[in-house]
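Below you'll find the structure, written out as structure tokens, and then a few comments.
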Amino acid sequence: MAVISYIDAVTQALREEMQRDERVFVLGEDVGVRGGVFRATDGLIDTFGPERVLDTPLTESAIAGVSIGASVYGKRPVAEMQFADFILPAVNQIISEAAKMRYRSNNAWNCPLVIRAPYGGGVHGALYHSQSVEKIFTGVPGLKIVMPSTPYDVKGLLKSSIRDEDPVLFFEHKRCYRLIKGEVPEEDYTVPIGKAEVKREGTDVTVISYGLTLHFAQKAAEELEKEGISVHILDLRTLVPLDKEAILEAVAKTGKGLIIHEDNVTGGFGGEISAVIAEEAFFELDAPVRRLCGPDVPSMPYSPSLEKEFMLNPEKVTNAIRDLAEF
Amino acid sequence: MAVISYIDAVTQALREEMQRDERVFVLGEDVGVRGGVFRATDGLIDTFGPERVLDTPLTESAIAGVSIGASVYGKRPVAEMQFADFILPAVNQIISEAAKMRYRSNNAWNCPLVIRAPYGGGVHGALYHSQSVEKIFTGVPGLKIVMPSTPYDVKGLLKSSIRDEDPVLFFEHKRCYRLIKGEVPEEDYTVPIGKAEVKREGTDVTVISYGLTLHFAQKAAEELEKEGISVHILDLRTLVPLDKEAILEAVAKTGKGLIIHEDNVTGGFGGEISAVIAEEAFFELDAPVRRLCGPDVPSMPYSPSLEKEFMLNPEKVTNAIRDLAEF
Amino acid sequence: MGNERHKTLGLSDEQVLDMYRYMLLARKIDERMWLLNRAGKIPFVISCQGQEAIQVGAAFALDREKDWLCPYYRDLGMVLVFGQSARDQMLSAFAKAEDPNSGGRQMPGHYGDRRFRIVSGSSPVTTQLLHAVGVALAAKMDQKDIVSFTSFGEGSSNQGDFHEGLNFAGVHNLPVIFMCENNKYAISVPVEKQLAGGSVAARAQGYGMPGVQVDGNDPLKVFEAVKTAADRARCGQGPTLIEASSYRLVPHSSDDDDRSYRRTEEVEEARKNDPLVQFQKYLQETGLLNKEKEKLLDQEINKEVDDATDYAEQAPDPDPAQTYTHVYAE
Amino acid sequence: MGNERHKTLGLSDEQVLDMYRYMLLARKIDERMWLLNRAGKIPFVISCQGQEAIQVGAAFALDREKDWLCPYYRDLGMVLVFGQSARDQMLSAFAKAEDPNSGGRQMPGHYGDRRFRIVSGSSPVTTQLLHAVGVALAAKMDQKDIVSFTSFGEGSSNQGDFHEGLNFAGVHNLPVIFMCENNKYAISVPVEKQLAGGSVAARAQGYGMPGVQVDGNDPLKVFEAVKTAADRARCGQGPTLIEASSYRLVPHSSDDDDRSYRRTEEVEEARKNDPLVQFQKYLQETGLLNKEKEKLLDQEINKEVDDATDYAEQAPDPDPAQTYTHVYAE
Ligand SMILES: Cc1ncc(C[n+]2csc(CCOP(=O)(O)OP(=O)(O)O)c2C)c(N)n1
Ligand SMILES: Cc1ncc(C[n+]2csc(CCOP(=O)(O)OP(=O)(O)O)c2C)c(N)n1
Ligand SMILES: [Mg+2]
Ligand SMILES: [Mg+2]
């Protein structure tokens with residue numbers, strides 16, 4: 001198997017799906033000749049032409065709304081929001097329209113579309129190029145929300161998302177783009193939406209995470225193994241629909257749960273996970289479930305000293321796991 | 001003390017604050033000659049004129065954005081979103097701008113503004129005139145979120161919100177507008193933002209709620225008292241900043257917590273409350289914390305049979321409390 | 001009025017009579033809904049009254065076999081022409097399980113019907129413009145000879161989505177028609193407080209497309225404007241913005257009381273231009289309609305509305321279990 | 001070029017020399033930032049290069065003691081004229097605690113300075129237009145003689161907030177100036193793929209306000225247009241939309257590589273119209289500038305930029321504890 005980067009997995013998935021199904025097309029700001037500001041759509045316009053690789057005007061509500069129209073017609077649009085932070089002008093189209101189209105039409109119409117967006121910090125992106133925005137959408141029934149952490153999952157889940165009959169928000173951690181590499185099969189494969197994955201078996205503490213922090217947890221687990229602390233790690237991969245079964249099983253393994261995400265703690269999706277555990281695995285718990293998340297401030301500042309303070313890292317994660325193990 | 005309705009408390013607070021402070025003005029769709037589609041701004045234009053009671057164009061992003069501009073200048077705008085559902089086109093202005101103005105300017109600028117919006121169902125409002133939208137904002141540091149359930153709190157909290165130095169989202173349950181009446185003092189008073197209130201002392205089950213469902217809980221508690229079940233009720237009143245202390249205290253009273261809100265369960269604010277309890281009051285609990293919420297569907301349908309199925313009511317609440325009491 | 005005006009437009013006598021019939025049907029369904037509402041039988045009505053000429057004139061100018069609609073909540077006349085029945089409307093008004101728009105999930109006026117390529121609409125205004133642009137983009141990609149048509153109020157034309165939609169359609173030269181039904185009010189806010197510059201059509205220039213102003217009380221003039229726009233769209237000349245002027249003859253909805261913001265005399269004055277009355281006169285003058293025929297038509301439509309009402313009233317409510325279905329593909 | 005062009009506009013020799021000085025200062029600060037970026041000392045630059053005439057010309061036409069700015073990320077020239085220093089810019093580029101815009105919280109180019117009534121801006125484009133409208137509304141309420149000025153790119157002019165902002169300002173006849181700095185690209189997307197109709201100024205008509213097109217490479221022409229607009233605003237005649245044409249001489253930002261979407265020859269061609277070069281020529285022709293003076297000015301500004309850089313580089317970083325402050329009033 002070839003070892004490729006997280007962002008190459010995006011590009012490959014797009015290319016292969018466009019080849020497989022001519023209803024698939026991509027649109028967004030600078031996705032054409034520029035190949036995307038992160039180069040996720042690099043080269044697509046050469047193969048598929050400007051009709052299927054559309055440079056749109058700088059208008060996120062239109063990107064979402066036009067995708068909705070094209071998808072009800074029967075196309076399979078894959079829209080790019082240049083940064084997840086800039087999905088906000090499109091919130092009305094996504095929540096009022098895409099999420100409710102099937103329900104409100106009693107199953108007559110649906111929106112098979114994907115919105116991709118790079119999110120997350122640690123790239124000197126400051127307040128508006130660093131945010132995690134999943135919590136704006138995780139409580140909106142009708143949307144699916146996918147947040148992969150490895151190239152394998154990126155490719156397999158992006159393909160599943162494009163083939164899905166409902167709107168999918170596909171969030172890519174931009175710090176992972178070139179940092180994270182991994183093996184990806186040559187042949188066509190998919191990863192099912194809605195299935196978490198155990199990344200590591202352990203007995204002392206269960207970590208539940210997704211995206212960049214999942215990798216911090218893996219590093220921390222290696223470190224802690226030397227100290228004799230055994231960490232069980234679950235990668236959610238999909239936030240909605242949530243794989244509750246996998247969560248409950250993972251927590252039951254150790255009796256201790258630590259939820260980690262980069263998004264700030266209050267009102268973040270960690271609360272939902274914690275609530276599910278508290279409701280359904282209460283008697284399996286040997287300690288209160290904990291959350292390790294970004295701080296409750298509006299977003300990540302630009303100054304390296306402040307950004308570092310905001311961001312999680314393997315060390316902070318190691319400490320939090322050790323702390324819980326010692327409880 | 002006079003007994004007034006929930007909506008009259010809104011109108012009184014607006015009128016008195018406009019009288020007290022000439023920087024205060026209201027703006028929104030149909031708030032002028034029409035006095036608001038619910039009549040919350042009834043009569044204000046006669047007293048204060050069209051300069052301080054602005055009928056805006058049908059543009060929510062502008063309503064929010066213009067309020068932000070006026071507030072940084074030094075005014076105290078109170079904007080009305082005609083229905084909470086229609087706040088969505090303004091999400092970018094609220095989250096990217098109002099919430100982050102103080103933080104991003106290192107305290108140089110701030111946005112003392114209030115956005116009022118009627119939310120909630122049970123009024124044959126169908127999908128788009130029934131939603132609870134608090135979860136879109138509860139995870140956004142920089143915003144305060146107030147959701148009162150009684151005329152006394154409406155008036156006192158709306159005054160506090162208008163006098164606050166930061167942006168406040170003030171959500172009014174539209175079913176409460178004429179249904180809920182209560183005593184309100186003649187003289188000026190405020191209710192502090194960020195303080196929950198014990199509405200009823202009890203020993204068997206603690207209910208934590210806000211808005212319309214708080215009243216269902218009170219009804220249920222009366223019912224259950226006859227059965228010998230004693231219910232402790234906490235009205236959150238403010239979701240952000242959250243009165244954690246009051247929550248922990250209330251749960252400790254009974255060892256059993258039931259969180260009730262009309263918004264759908266997954267990703268709703270109940271998850272946050274549950275997580276806080278699970279983290280900080282784990283050893284006080286005699287049973288897993290439970291949530292009784294709207295179902296995970298995109299919104300409330302129009303048909304009475306479906307709306308009824310979606311909505312909570314005193315009976316559903318009674319059953320849920322009884323169930324937990326018997327745990 | 002020139003006697004042969006409709007013939008010049010290529011419309012047969014039969015067709016204009018049919019147009020009138022649809023306008024009358026829309027009006028009568030609408031009036032019945034108000035009665036049902038006032039009788040406490042249905043919780044909500046939102047009206048087409050005063051805008052039937054726009055809706056029917058436009059729909060006749062489109063191809064009912066292949067064009068797409070993204071209409072708004074007043075477009076009763078339009079969806080009838082495209083194929084929905086009086087019964088469909090009443091099923092929706094009573095929120096019954098059989099309602100083809102939403103199975104009783106949405107308020108009346110929230111059209112959507114896959115049979116007739118009417119894309120499901122919502123309540124937040126102006127979102128449908130972007131859907132129509134998306135449909136047009138997709139049709140253009142497929143090199144299909146399809147026109148995508150969308151309509152909205154003049155208040156809604158101030159929303160950001162209007163701007164983004166027209167600009168997108170202009171840049172990509174898409175086969176879409178934007179029709180503003182300017183009825184002078186957005187609930188209580190009159191056009192002067194709503195719309196800087198006073199003209200929606202004037203905004204077209206800023207998107208490099210024709211902006212056409214048309215008398216929305218005359219279905220033939222609307223037909224002509226939409227036909228021209230549709231022809232342009234079909235031969236690759238891109239989008240058109242049309243503003244049809246009319247007047248909302250009734251309150252905004254059954255929840256509104258319009259006496260708080262407009263004078264009765266103003267409404268009475270506007271009634272003189274009621275598109276139904278005017279078109280009736282035209283048909284009388286051209287000899288296509290007389291008292292006798294009118295009476296028959298009235299009876300026929302009344303019966304249709306009666307039947308629809310009876311049927312819908314007795315139709316079953318959605319099963320409460322339906323609350324949970326169709327969130328995702330099943 | 002008429003020798004007395006600036007005098008006709010009421011600008012003294014001193015003032016035009018001052019304008020030139022600000023343009024040069026902006027350019028030199030900007031160039032230095034690129035060097036610092038390429039040397040790995042600062043993570044990000046976004047440039048004013050090619051747009052200095054617009055920014056300085058506009059700022060000179062405003063009242064620096066009372067008018068308000070809601071600028072965008074390229075408006076270095078403008079904020080300098082309004083009072084910010086080279087040191088302020090470098091403190092921001094190095095994200096130091098003393099940065100007056102944000103205490104190191106925001107990227108460079110995100111201006112905001114209470115001392116000079118420069119409202120703090122963000123990254124999502126076009127939001128600041130509505131803030132400027134709000135400032136204008138407030139000023140009008142207070143019957144203050146204040147102009148609210150906002151600027152943005154031509155790509156940003158397609159966002160919904162542009163439409164909502166201009167419409168709101170038009171309806172309420174507010175003292176606000178909307179200045180589009182059309183530099184032909186929105187990152188890689190050229191104006192033809194971005195902007196239906198091709199002209200931002202043409203959109204003004206749709207909001208009932210003047211739309212003015214002006215050569216953005218000539219600070220005097222920009223000055224004149226903004227002065228006229230400001231006079232209109234001050235005497236209650238309402239808003240103006242101005243489109244100043246220019247060209248972005250450098251990549252979109254330090255993260256961009258513009259060779260993927262435009263030819264070097266195109267950029268070279270545009271350099272011939274570099275506003276700095278042109279204005280320099282004007283001042284030489286009018287005898288206000290000669291080699292000697294230029295050299296002195298160059299030296300003076302270089303020193304200013306050197307000092308600013310040194311100061312900022314050595315200034316303290318924000319304390320990590322600052323991460324948690326100023327979320328709410330304390
Ligand atoms: C985004 C949004 N904001 C507010 C509303 C509430 N609302 C419903 S209709 C309406 C007025 C619409 O006016 P106009 O566009 O002129 O259409 P008309 O009803 O006059 O046909 C308003 C404010 C809404 N539906 N959507
Ligand atoms: C809402 C939003 N979407 C996307 C971006 C990313 N972005 C930053 S600048 C830019 C292009 C802006 O072009 P234009 O308005 O012409 O201004 P210019 O940079 O050319 O001066 C884009 C797409 C953003 N900042 N905000
Ligand atoms: Mg109208
Ligand atoms: Mg540009």
Side-chain angles (χ1 to χ4, degrees), chain A residues 28-39 41-43 45 50 54-63 65 81-90 92-93 123-131 174 264 266 294-311, chain D residues 42-44 92-97 99 102-110 121-127 152-162 185-191 193-196 252-253 255-258 260-262 316-328:
Chain A
E29 295 157 13
D30 307 290
V31 301
V33 281
R34 181 77 178 81
V37 296
F38 290 99
R39 302 252 181 249
T41 53
D42 200 23
I45 196 168
L54 265 82
D55 271 326
T56 66
L58 176 35
T59 53
E60 286 78 10
S61 189
I63 293 172
M81 296 287 157
Q82 196 160 83
F83 286 83
D85 314 68
F86 305 140
I87 204 171
L88 296 179
N92 189 40
Q93 284 288 346
V123 298
H124 308 304
L127 274 73
Y128 298 99
H129 301 80
S130 301
Q131 291 174 88
K174 69 175 86 72
N264 67 287
T266 299
D296 281 334
V297 304
S299 183
M300 206 175 294
Y302 183 57
S303 145
S305 66
L306 306 183
E307 185 184 66
K308 188 160 163 250
E309 179 72 19
F310 185 112
M311 283 291 285
Chain D
I42 64 172
F44 185 76
S92 166
F94 282 98
K96 294 304 176 75
D99 155 33
S102 74
R105 291 174 177 204
Q106 293 221 73
M107 288 179 153
H110 288 59
S122 64
S123 306
V125 298
T126 328
T127 52
F152 49 92
E154 83 292 346
S156 306
S157 78
N158 301 306
Q159 283 277 348
D161 276 358
F162 169 91
Y185 286 90
I187 308 189
S188 72
V189 183
V191 69
K193 279 198 183 174
Q194 184 70 250
L195 188 74
H252 172 74
S253 75
D255 289 342
D256 184 32
D257 179 356
D258 58 345
S260 61
Y261 56 84
R262 62 182 184 182
D317 282 328
D319 185 316
Q322 285 301 317
T323 307
Y324 308 100
T325 58
H326 310 316
V327 180
Y328 299 100

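Just so you know, these numbers use all the heavy atoms, side chains as well, and skip hydrogens, waters and symmetry mates. Convention: sequence-line order gives letters A, B, ...; per-chain numbering from 1. These numbers come from a predicted model, not from an experiment.
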[X] side chain to [Y] backbone, donor-acceptor under 3.5 Å:
X	Y	result
Q106(D)	A126(A)	no
S260(D)	R34(A)	no
D30(A)	S188(D)	yes

Requested in this report: Measure V123(A) against the heavy atoms of chain D and call it side chain, backbone, both or neither at under 4.5 Å.
Outcome: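 Contact with chain D: none, neither part.
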
**Report entry** Residue among R105(D), H110(D), M107(D) satisfying side chain to side chain contact (heavy atoms under 4.5 Å, CB included) with L127(A)
**Finding:**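 Running side chain to side chain contact (heavy atoms under 4.5 Å, CB included) over R105(D), H110(D), M107(D) with L127(A) returns exactly one hit, R105(D).
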
Is [Y] close to [X] at the side-chain level, that is, under 4.5 Å between some pair of heavy atoms?
X	Y	answer
V327(D)	V297(A)	yes
L58(A)	S156(D)	yes
Q82(A)	I187(D)	yes

Considering all heavy atoms of both residues, which atom of [X] and which atom of [Y] are nearest to each other, and what is their separation?
X	Y	result
P124(D)	Y128(A)	CD-CD2, 3.5 Å
T59(A)	N158(D)	CG2-O, 2.9 Å
Y302(A)	P108(D)	CE2-CD, 3.4 Å
S303(A)	A95(D)	CB-O, 3.6 Å

If I take atom [atom1] from residue [X] and atom [atom2] from residue [Y], how far apart are they, to the nearest 0.5 angstrom?
X	Y	atom1	atom2	answer
D319(D)	E309(A)	CG	CD	8.5 Å
D255(D)	H124(A)	CG	NE2	10.5 Å
K193(D)	T56(A)	NZ	OG1	10.5 Å

Query raised in the report: Among K308(A), E307(A), E60(A), who wins on heavy-atom pairs under 4.5 Å with chain D?
Result: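 Among K308(A), E307(A), E60(A), the one with the most close pairs to chain D is E60(A).
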
Query raised in the report: Do you know which of P57(A), P295(A), P298(A), P301(A) has the most heavy-atom pairs under 4.5 Å to chain D?
Result: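 Of the options given, most contacts go to P57(A).
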
Query raised in the report: Quick one: of S122(D), G160(D), A186(D), who has the most non-hydrogen atom pairs under 4.5 Å with chain A?
Result: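 When all of S122(D), G160(D), A186(D) are compared, S122(D) has the most.
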
**Report entry** For chain A, the option from D317(D), V189(D), V125(D) that forms the most heavy-atom pairs under 4.5 Å
**Finding:**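 Among the listed options, the one with the most contacts to chain A is V189(D).
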
Query raised in the report: For D258(D), is it the side chain, the backbone, both, or neither that has a heavy atom closer than 4.5 Å to a heavy atom of chain A?
Result: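 Answer is neither: D258(D) stays 4.5 Å or more from chain A.
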
Query raised in the report: Relative to chain A, which segment of D256(D) carries a heavy atom at a distance below 4.5 Å: side chain, backbone, both, or neither?
Result: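 The answer is both parts of D256(D).
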
